[in-house]
Structure formats: structure tokens, C-alpha cells
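Structure first, then comments.
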Amino acid sequence: MGGNYRVQKAGIACTEAVQVELHVEPLCWGLRSTMAVPEYCINRLAAIGTILFLYTAGMAKLSVDWLEVFVQIYKTKSVTRAASRLGMEQASASIALNKLRQHFDDRLFVRTAEGMIPTPRSKHIYPELLEALARIDAARGKPAVFSPANAVREFRICMTDISEIIILPKLINYLQNTAPGLVVKAETISAESRARLTSGEVDLAVGFLPNLEAGFYQQSLFEQDFVCLAAKNHPRIQGRLSPRLFSGEGHILVSTSGTGHTIVDKVLARKKIARRVVLRVPSFLGVARIVAQTDFLVVVPRLFGMALAAQEHVQVLEPPALLPHYKVKQHWHERFMADGGNIWLRQTMAKLFVRSPTVL
């Protein structure tokens, strides 16, 4: 239900009187100003609009703290984790959830083996409440400083299985020494990653994701190119891989996203170098063991190949054609650009992995 409200000054400390017509609809704000308005006034007017929306929607009696509990339960699927992220007792979070259930006359979340799953009503109101809280937070001014040494929080990072081997060990060791209260939950990059980054269900994505554009920021961490792996005791290949040998052997092809592998096929096709695929697998994690025990070859990112060569009986070979480099980047949504915890996580990733920092 929408309505028009005219706000004049409204107790806002501006350099001059401001008169703005605010068209209020559920989380869709149209500001039509009769004069130039400073940006900080616009932010506060947007917050006023949010409060007016909550009032017209029959939510005037709801506590902002309760709404924050709702959002965190939605993201974490757990009352315990929601309370932890908000720095409150679990009992307080449970009380807030019960108040919300009474207000909306709906269970909102149902306990299952996978956690607290939202009801259809919960899914419907989630984006509206999330946007309302974002508006209110923006009007509160400077956010609280994130203190990693004292923080208790779960960071969710979507990444490739390659990044799990290359990035996670170093990151986790660093967190154990500097931020022992932080937990990292890794998940695989998928078609849902974009939406999960936008909603805040995932804090960061790490990998090769060229399709993340509008609304996202990215920072290059390091460059990768490709190598081939073969068994150390391969009967026909030792130390050098010619185009003839490359095309004559059977290949393992990993079907996954976020690794830059699509550019390999394009380059090989352009150079007219065939790759005879005999095995397709969904993950890189088992390829070294398969290669070590067969005569198959596999093309993998260089850092990953070097890590596998230290663990398995495989040799690292230069490919028969020059394959392109690609950049491994960290990605985040613009909604969380100013979030203290997200800022710290991004800075930590850059500190640990960046070689020539470039924010794009």
C-alpha cells in the first residue's frame, strides 16, 4: 500500500530548508526534489521513507532488532548462528522470532534436517525487510568498527575446488592466529552464486567469474596459466609434451565453473590441436590420483598442478601450445561495500594473495 508524504526539514540538519515529495511504496522509493539536496540529507530522507513504509504496512510496532534477527536466521538457517552474528544470547533471538511469528501470524521458519527453512510468507517479506534495514543502517551514519580479534562471525565464501586447495589453508591459518572467533564456510561456485552474493547469503566469491558485472566489485588477486599433468611413470611422455603426443593420449576433462577452463578449448581449437576426452569428472579434487594411476593427461591451472605434484606421483608439463593467462579475483556486491566485516575479509584476502593489487 503506497502513499505520498511531503517532508520539510523533519529535524534533519541541512544547510537550508529542504522540501521533498516522497512517494512511498513497498521498498521502492522515488525522490522528486524541488531543489538540490545534499547526499547525506537524501540518505536520511530515504530512512524516513522506510519508517513511513513500515508504518503503512502495519509494522510500526516491530523492533528493528527483531527484523535483524529475521534476516540473520534467513541467511544462516539457524537461530544459534543468527544470535552469534548479532552478538546476542540465543534466548533473545528466540524471543524475537516468536514476536515476529505472532505479528505475521506465520511460522516464518520451519526446523528441518537442513536447518531453519523459510516459509512462503517468509520468502515473500524477506527482500522488503532486507532493503528496509539497509536504508535504516545507511541513515545511522558511520558503521561500527570491525574488530577481528573479538569478532564472532561466520564468513561464507563461494569458490572453486581449486581455490579450496590453493587459498583455504593459508586463509584459515591466518584467521586462527588473528581472528580465532571467525568461521569460514566454503561453498562451490554455481549458477546461484550471483543471487546469493546479492542477498548477502554469501560474503565473497573467489575465482574466474567474467559474468559478474553490474552491481559487483572485483579485485584481482593473482594470475594463473595452465599446465598438463601426466603420471611420472608414463610410458610415452617424459619431460616434454609435443602436439602429437598431446593429441594422441586420452584426456580427463573437468566440467566446472569459475576456473577459466573454457578459454583452453577455444585456444586449442584455434591452433588445431585436438584433445581426445575419455573421462569427464565434476571436480578437480580427484584428478591427480586418476592421472597417477593411468596414462591419461589433464590440463589444470599452474598453481593447482604444482600443489598436486607435491602430493601425488605426477609430473608437471608445459602444454604444447601457449595457453592464455587469466586472473583469479575476489568479487563482492556493492550493497556490502561499506560493511566492516566484509571490508576486513577483502583486505585480508588481498594481503595474503594479491601480487599487484588492482581494484576494477
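Heavy atoms only: backbone and side chains are in, while hydrogens, waters and symmetry mates are out.
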Note to self: Treating Arg156 as the side-chain partner and Leu197 as the backbone partner, does any N or O pair qualify as donor plus acceptor under 3.5 Å?
What the structure shows: no
Checklist line | Same apolar cluster: Ile172 and Ile157, side chain cutoff 4.5 Å | finding: yes
Next item on the list: Start with the C-alpha distance between Asp339 and Arg153, add both sets of side-chain angles, then the distance that settles salt bridge (Lys or Arg N to Asp or Glu O under 4.0 Å), and finish with yes or no.
Entry: CA-CA 13 Å; Asp339 176 78; Arg153 178 169 172 176; 3.3 Å; yes
Taking C-beta and beyond as the side chain, do [X] and [Y] meet within less than 4.5 Å on heavy atoms?
| X | Y | answer |
| --- | --- | --- |
| Leu253 | Leu279 | no |
| Tyr126 | Val71 | yes |
| Glu249 | Ile237 | yes |
| Val299 | Val254 | no |
| Ile117 | Phe109 | no |
| Trp66 | Ile95 | no |
| Val79 | Gln72 | no |
| Arg81 | Leu86 | no |

At what distance, to the nearest 0.5 angstrom, does [atom1] of [X] lie from [atom2] of [Y]?
| X | Y | atom1 | atom2 | value |
| --- | --- | --- | --- | --- |
| Tyr217 | Asn342 | OH | CG | 12.5 Å |
| Lys327 | Phe208 | NZ | CZ | 11.0 Å |
| Leu352 | Phe222 | CG | CZ | 11.5 Å |
| Ser190 | Arg196 | OG | CZ | 7.5 Å |
| Arg335 | Ser199 | CZ | OG | 7.5 Å |
| Ser247 | Lys272 | OG | NZ | 13.0 Å |

Note to self: Give me each pair satisfying salt bridge (charged side-chain N to carboxylate O under 4.0 Å, His left out) with a member in residues 301-315, each pair once, sequence neighbours excluded.
What the structure shows: Asp225-Arg302, Arg289-Glu312, Arg302-Glu318
Next item on the list: Could you go through the side chain to side chain contact (heavy atoms under 4.5 Å, CB included) check for Leu308 and Leu229 one step at a time?
Entry: CA-CA 9 Å; Leu308 294 181; Leu229 297 183; 3.8 Å; yes
Notebook entry, point to check: In terms of the angle between their ring planes, are Phe104 and Phe70 parallel, tilted or perpendicular, with boundaries placed at 30° and 60°?
Noted result: tilted
Please list, chain by chain and in numerical order, all residues satisfying side chain to side chain contact (heavy atoms under 4.5 Å, CB included) with [X], sequence neighbours excluded.
| X | answer |
| --- | --- |
| Arg194 | Leu212, Phe216 |
| Arg111 | Met116 |
| Thr119 | Asp106, Arg107, Val110, Arg121, Ser122 |

Note to self: Test of understanding: with ring pair (Phe, Tyr, Trp, His ring centres under 6.0 Å), list the residues that count as partners of Phe296, not counting sequence neighbours.
What the structure shows: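 Result, ring pair (Phe, Tyr, Trp, His ring centres under 6.0 Å) vs Phe296: none returned.
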Notebook entry, point to check: Of the options Arg236, Arg276, Lys232, which is the one that meets Asp295 in a salt bridge (charged side-chain N to carboxylate O under 4.0 Å, His left out)?
Noted result: Arg236
Checklist line | Where at least one partner belongs to residues 163-173, residue pairs that pass side chain to side chain donor-acceptor pair (under 3.5 Å), sequence neighbours excluded | finding: Thr160-Ser163
Margin query: Let's go through Val291 and His313 carefully: what are the C-alpha distance in whole Å and the side-chain angles of both, what is the deciding distance for side chain to side chain contact (heavy atoms under 4.5 Å, CB included) to 0.1 Å, and is it a yes or a no?
Written below: CA-CA 9 Å; Val291 168; His313 201 63; over 6 Å; no
Item checked: Over 12 non-hydrogen atoms of neighbours within 6.0 angstrom of CD in Glu89 ->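 12 or below, so no.
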Notebook entry, point to check: Where do Gln330 and Leu221 land on the side chain to side chain contact (heavy atoms under 4.5 Å, CB included) test, with the steps shown first?
Noted result: CA-CA 7 Å; Gln330 58 176 342; Leu221 297 176; 4.0 Å; yes
